[in-house]
Each structure stands twice: as structure tokens, then as C-alpha cells.
> 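Structure below; questions to follow.
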Amino acid sequence: MRAGRLAAYAALFVLGALVGAAGALVQGGYFQGGIFPAGLLLALLGAAGLFYGGARAVGTGAGAVAPAAGWLVAVMLLTATRPEGDFLFGAGPGSYGFLAGGMVVAVMCATLGRRPQPGGSAARLGK
């Protein structure tokens, strides 16, 4: 593994942590009339864009796993309660949707089908 690829994975991990922290702050907000969860959708779209972009930029599924790992670390650290009783996530459908939706999006982006390789003839080998 080259140093450039390792640096890309490290940068994607840090970006994933930043997107996870930002999403944790945004996911509970922007409710229009209490019906449409715009904050949750914004947080999940940001995570999906980073996961898919990482997979495309690096060209492997690990490009989606690196930011997803950073996202998961940040989100899990933010869900932990402090001794004072403070917490960032409330028990509600929005926070559970963010946690589950982020994990589902990460798995989807990491396992997307690869495009076929260009070139090569359509003839069978050995003929």
C-alpha cells in the first residue's frame, strides 16, 4: 500500500468524523412544522455524499469504509452520556434514524457494484 493511499484513507477518516459530528448537531433541527425532518435528511445526504465520494475517489470499497469508520467513531463518542447526565442525542425517531440510516448508507456505498472494466474483446478465452 502506497503512502498516498494511506494519506487518502486517513483524510477520509477525519472527514468522516467531521461529517458525523456535524450531522449529530444538525439531525435534530430544521423541522418545518414538526413534520418534515430536513435536518435528518441533510445529515444523511452529507454522509452519503462523503461515503460515495470516498469510494469513487479511491476506487475501492475501502474508500467508503474509511469515512464510515470515522463517522461511526464520532457518532458513538457523541452518544455516550457524561457523568453529569448531559448527552447530545435524545431518544427519538430522528436520532435513531440518523444512527441506523448512516450505517445503512455506509454499507450501501461500500458494496456498490463496480463498473465493468473497459477494453477487452467479447470473445471467449482459449478460442
Side-chain angles (χ1 to χ4, degrees):
M1 191 176 292
R2 294 188 176 138
R5 189 168 286 228
L6 280 175
Y9 289 144
L12 287 170
F13 182 87
V14 170
L15 281 173
L18 291 173
V19 167
L25 296 173
V26 171
Q27 59 87 22
Y30 301 118
F31 278 96
Q32 297 172 352
I35 298 171
F36 186 70
L40 175 61
L41 291 178
L42 180 66
L44 289 177
L45 284 174
L50 178 62
F51 301 158
Y52 184 73
R56 284 302 199 197
V58 177
T60 64
V65 172
W71 181 90
L72 187 63
V73 166
V75 169
M76 287 297 129
L77 287 175
L78 292 173
T79 58
T81 59
R82 295 180 22 176
E84 295 86 19
D86 298 337
F87 57 91
L88 189 60
F89 285 97
S95 60
Y96 291 129
F98 178 65
L99 293 171
M103 288 185 254
V104 167
V105 166
V107 170
M108 286 172 45
C109 290
T111 59
L112 279 174
R114 303 286 176 243
R115 291 186 290 183
Q117 295 293 323
S121 68
R124 293 183 359 198
L125 295 175
K127 291 272 177 172

> Which heavy atom of A24 sits nearest a heavy atom of L78, and at what distance?
CB-CD1, 3.8 Å
> Check A110 against V65 and note the closest heavy-atom contact, atom names and distance.
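Looking at all heavy atoms of both residues, the closest pair is CB-CG2, 4.0 Å.
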> Can you list the other members of the hydrophobic cluster that holds M108, where links are side-chain heavy atoms under 4.5 angstrom apart?
V104
> Are the side chains of F98 and V75 in contact, using a 4.5 Å heavy-atom criterion?
yes
> Taking all atoms of both residues into account, what is the closest heavy-atom pair of C109 and A48, and its distance?
SG-O, 4.0 Å
> So do T60 and Y9 actually touch side chain to side chain, heavy atoms under 4.5 Å?
yes
> Is there a path from V58 to L15 through hydrophobic residues (I, L, V, M, F, W, Y) whose side chains come within less than 4.5 Å of each other?
yes
> Hey, could you give me the CZ/CG distance between F13 and L72, rounded to the nearest 0.5 Å?
9.0 Å
> Using a 4.5 Å cut-off on heavy atoms from C-beta on, say whether the side chain of F51 contacts that of V19.
no
